[in-house]
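Report on one structure; see the data block that follows.
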Amino acid sequence: MRFSKAYIPTTKEAPKDAILPSHIYLSRAGFVTQVASGLYNFLPLGKRVMRKIETIIHEEMAACDALEVDLSFVTPAELWQESGRIEKFGKELLRFRDRKENLFVLGPTHEEMMVSIVRNRVTSYKQLPLNVYQVKTKFRDEARPRFGLMRAREFVMKDGYSFHSSTEDLDREFDAMEAAYKRILTRLGLQFRVVEADSGAIGGSGSKELMVLANSGEDTLAVCDSCEYGANIEAAQRSKRITIPEAPKAEFMKFKTPDIKSIEDLSAFFHVDSYYTLKAVVMRAVFADSTQPVCFFIRGCDTLQEVKACNSVGAIDLVEMSVSELTDLGLVAGFMGPLDQDKIRIVMDNDTRNAKAMICGANELDYHFVGVDLSVMGDVSYADLVAVSEGDGCPRCSGKLEYTKGIEVGHIFKLGTTYSAPLKAEYLDENGRSTPFIMGTYGMGVSRLVAAVIEQHHDEKGCIWTHATAPYMVNVMVSNIKEETHLEFATTLYTTLNENKIETILDDRKDRFGFKMSDAELIGFPFTVIVGKEMENDQVQIMVRKSGEMITVATHDVVQKLKELIG
RNA sequence: CGGGGCGUAGCUCAGUAUGGUUAGAGUACUUGCUUUGGGAGCAAGGGGCCGGAGGUUCGAGUCCUCUCGCCCCGACCA
């Protein structure tokens, strides 16, 4: 491609609402344009990058014998009613009626459709396993689209679904998909981490997220500094504490603690480490058709992890409650404790089980209990409720956990029979029994990956594409096209490189050197060959985008040198 | 869905408190000349329903009401 014939509208200024590097540079360099909130057009360069990512995905899926399909984007709402997800998805699901007044939805993910295409067609265990996938536009009417391609409403996702006759076979496929996803991200040139994730409302026995590491990531990850362990903060575990502060000595008694409501005040008042205090967090748990206030108790030094708390009571959601609501329930904010407590459902953190020498609220204004032995708690429910902190011990080794930010680009799930059972997608097993498929699902955000590459690979001048994602590997730039010998050499070089299967673009625009250099840097081609002044010495320069290095090379060596650099 | 902000040239934004020539700048675009290794210079041009509708007024980009859109914080997010 020649620049003079291409459509690459670069700009000096970013759209006013672009915050993230990927949004700024993908817009400025002419890869995408915004159409409306959360909707983007892919221009020629953006489309090329996306196709490269898709191609790698297809290759790796083929290596796993996964089968590509293409399901209709508009899907009948009945399937969603059958699975019960039409309510669960809520307003994110864009729905509309056709001319005959039939209800349809735009697919936000395709479990239902995919189940429906194998249902009643795959009828025997002999036809299993099966792994089918597609790369497809999805639509989710996000409450708040943001960050450019990172959280768009319309986006491209690879979604795959596998069907098995045993959990062992699902486990095998799950591991194979994890390995394939790792290969894809490695080939794309991304630094990433596979982390344990919250299985949440969807259930199943396991779920892992593939996270591209970048400061702008929306997810907080806890990763071990010495082993492979990593987990989303929503699911992260920690080892038992090794160093435990010295326990205060006190007999059990009620103590007057005037206006001491916070953990900090309480800890200071008694000169006791907050480890020995009990923090109460009251939230209203929201269920499908009811709500219930719940009090979560954790150690004062810990922080409640809301997703874990939500899962512990099987709720859809937790919402905060006001002090007046607590008062109406007969609770004393600031002085709540688990002892003699029958006004509210309680859940206690695992780490408080049988805890001794604790200080907790006495459920009476201005009074706390000290010297509490929590082993007196009867059949109260315990769960992991706590967010791991930086410095906590790794649950797998002796290392320490630290926080990092990640962009979720893949999520793989062991679904089991979550969809096949309600949708009655069944096969006959060896004993002739009708059994629902055991399923896995494997998603990867393709358009989000375009942004993720830039989040991880950019500088103040613009994009720095990795070799696998670059729209063109080499940019041959003629610094002054009026120099006929320069233009002639550059054109020949451009042709030769393309003949050598090196994707090359020729910058033959009638613009000045500085302008074209800035464009090359903004767009982020891995290599730019500058055909200009050095031609006097039969030389050209190769600018390496990533390092900024300028390599001077003889004109007859340039093809060979580029091949070496590309590797 | 709660709270806040913004809609004026392709893009980034002045102008709106206090209504009053023909609505501006930078950038981008067109033409010509010069320039040609870091987003060039000079000259001449084209480009606007001031988001939309209604109202107040002799007169509205500016004031009032209603709408639509976009963004930010939060809630939400396979």
Side-chain angles (χ1 to χ4, degrees), chain A residues 9-20 23-24 27-28 30 33-39 83 85 88-93 107-112 114 138-148 150-153 155 157-161 197-204 207-210 218-219 232 234 286 306-307 310 316-320 408-413 415 418-419 440-445 448 461-462 477-483 486-487 509-522 528 530-536 540-541 543 548 550 552:
Chain A
T10 60
T11 57
K12 251 184 198 177
E13 302 196 69
K16 62 176 174 185
D17 40 44
I19 311 286
L20 290 192
H23 192 188
I24 292 170
S27 302
R28 280 192 51 206
T33 59
Q34 183 172 0
V35 184
S37 179
L39 304 180
S83 73
R85 284 214 292 182
K88 209 170 197 170
F89 244 93
K91 286 188 173 174
E92 270 193 39
L93 199 56
T109 171
H110 280 92
E111 279 81 5
E112 284 83 355
M114 207 58 95
K138 309 285 181 211
F139 192 93
R140 292 183 192 173
D141 202 355
E142 291 276 356
R144 192 177 159 207
R146 54 182 140 177
F147 302 144
M150 209 68 94
R151 181 169 294 286
R153 290 193 293 175
F155 58 99
M157 181 166 89
K158 176 265 169 180
D159 52 325
Y161 309 85
D198 168 44
S199 295
I202 291 196
S207 118
K208 288 185 178 177
E209 291 168 334
L210 286 96
E218 291 186 80
D219 290 278
N232 194 305
E234 297 170 355
V286 179
E306 278 194 36
V307 173
C310 186
I316 296 168
D317 192 17
L318 294 180
V319 293
E320 290 186 18
E408 181 188 349
V409 296
H411 198 162
I412 57 178
F413 251 104
L415 282 179
T418 314
Y419 292 91
T441 180
Y442 319 98
M444 184 166 258
R448 182 180 279 183
K461 289 176 176 170
M477 189 197 90
V478 189
S479 59
N480 181 1
I481 62 160
K482 285 188 179 168
E483 296 284 351
H486 296 188
L487 182 59
R509 290 175 298 175
K510 188 189 165 187
D511 284 294
R512 297 166 66 93
F513 176 81
F515 178 84
K516 293 203 273 195
M517 278 296 278
S518 298
D519 257 6
E521 285 160 340
L522 175 61
T528 294
I530 301 160
V531 180
K533 279 191 167 170
E534 295 296 322
M535 285 292 282
E536 292 169 15
V540 295
Q541 283 166 304
M543 181 193 69
M550 289 285 223
T552 302

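The sequence lines fix the lettering, A, B, ..., with proteins before strands; numbering per chain opens at 1.
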Output field dot_bracket for RNA chain B (Watson-Crick or G-U, both distances under 3.5 Å, | for other-strand pairs) contains (((((((..((((......[...)))).((((((.....)))))).....(((((..]....))))))))))))....
- [ ] Check whether any side-chain heavy atom of A/R85 sits under 4.5 Å from a side-chain heavy atom of A/E112, and report yes or no.
- [x] yes
Looking only at heavy atoms, the pair that brings A/R28 and A/L522 closest together is O-CD2, 3.6 Å
- Are A/T109 and A/R140 close enough, and set up right, to give a side chain to side chain contact (heavy atoms under 4.5 Å, CB included), and what steps lead you there? CA-CA 9 Å; A/T109 171; A/R140 292 183 192 173; 3.8 Å; yes
**Study point:** Between B/G48 and B/G7 - C1' atom distance, rounded Å
**Key:** 14 Å
Rounding to an integer number of angstrom, what distance separates B/G55 and B/G59 when you compare their P atoms? 12 Å
| task | For nucleotides B/C63 and B/A25, find the distance between their P atoms and express it as a whole number of Å. | result | 23 Å
Expected label for B/A53 (glycosidic angle, syn inside 90° of 0, else anti) would be anti
What's A/E218 touching, base or sugar-phosphate or nothing? Going by heavy atoms closer than 4.0 Å.
nothing
Whole-Å distance, A/L39 CG to B/C71 C1', equals 15 Å
TODO: Before giving the answer on side chain to side chain contact (heavy atoms under 4.5 Å, CB included), spell out for A/F147 and A/H23 the whole-Å C-alpha distance, their side-chain angles and the decisive distance to 0.1 Å.
DONE: CA-CA 6 Å; A/F147 302 144; A/H23 192 188; over 6 Å; no
Side chain to side chain contact (heavy atoms under 4.5 Å, CB included) between A/D141 and A/R153, worked out: CA-CA 5 Å; A/D141 202 355; A/R153 290 193 293 175; 3.0 Å; yes
Margin query: Can you check the distance between B/A40 and B/C77, where both ends of the measurement are the P atom (answer in whole Å)?
Written below: 49 Å
Regarding the side chain of A/R146, the nearest nucleotide among B/U12, B/C70, B/C73 is B/C73
Separation of B/A78 atom C1' from A/E408 atom CD, nearest Å, is 8 Å
| said: Taking B/G4 as the reference, what is the distance to B/C50 when you measure between their P atoms (whole Å, please)? | reply: 29 Å
Closest non-hydrogen contact found for A/F155 with A/P108 is CZ-O, 4.5 Å
Taken to the nearest whole Å, CG/A/L93 to P/B/A78 is 13 Å
From OH of A/Y161 across to P of B/A78 the rounded distance in Å is 14 Å
Heavy-atom nearest pair, A/Y442 first then A/F413, reads CE2-O, 4.4 Å
For B/G26, does the base pair up with any side-chain atom of A/E13 as donor and acceptor (N or O, under 3.5 Å, distance only)?
yes
Ranking A/E111 and A/P15 by the position along RNA chain B of their nearest nucleotide, the one closer to 5' is A/P15
Between A/L318 and A/V35, whichever has its closest RNA chain B nucleotide further toward 5' is A/V35
Whole-Å distance, A/Q34 CD to B/C11 P, equals 12 Å
Using the side chain to side chain contact (heavy atoms under 4.5 Å, CB included) rule, take A/M477 and A/D519 through it: C-alpha gap first, then chi angles, then the decisive distance, then the call. CA-CA 11 Å; A/M477 189 197 90; A/D519 257 6; over 6 Å; no
Gap in Å between the two P atoms, one belonging to B/A28 and one to B/C11, rounded: 15 Å
- prompt: Between A/K91 and B/C1, is there a side-chain N or O to OP1/OP2 distance below 4.0 Å?
  reply: yes
Sorted by chain and residue number, the side-chain hydrogen bond (donor to acceptor under 3.5 Å, both in side chains) partners of A/E209 (sequence neighbours excluded) come out as A/N232
| Atom P, compared across B/G61 and B/A44: separation rounded to whole Å | 30 Å
Distance between the C1' atoms of B/A17 and B/A75, in whole angstroms?
35 Å
Note: A/T552 and A/Q541 closest approach over all heavy atoms is OG1-CG, 3.6 Å
On a heavy-atom basis, the closest approach of A/R509 and A/I481 is O-CG2, 3.7 Å
(Q) So for A/R144 and B/A75, does any side-chain atom that can act as donor or acceptor lie under 3.5 Å from a complementary atom in the base? (A) no
Winner on side-chain proximity to A/K16, out of B/U12, B/C76, B/C71, is B/U12
Reading nucleotides 33-39 of chain B from 5' to 3' and marking B where a protein heavy atom lies under 4.0 Å of the base, S where only the sugar-phosphate is that close, and - otherwise, the string is --BBBBB
Here the distance between atom C1' of B/C71 and atom CD1 of A/I24, to the nearest Å, is 14 Å
To the nearest angstrom, the CG-C1' distance between A/D219 and B/C77 comes to 10 Å
A/D17 CG to B/G4 C1', in whole Å, measures 16 Å
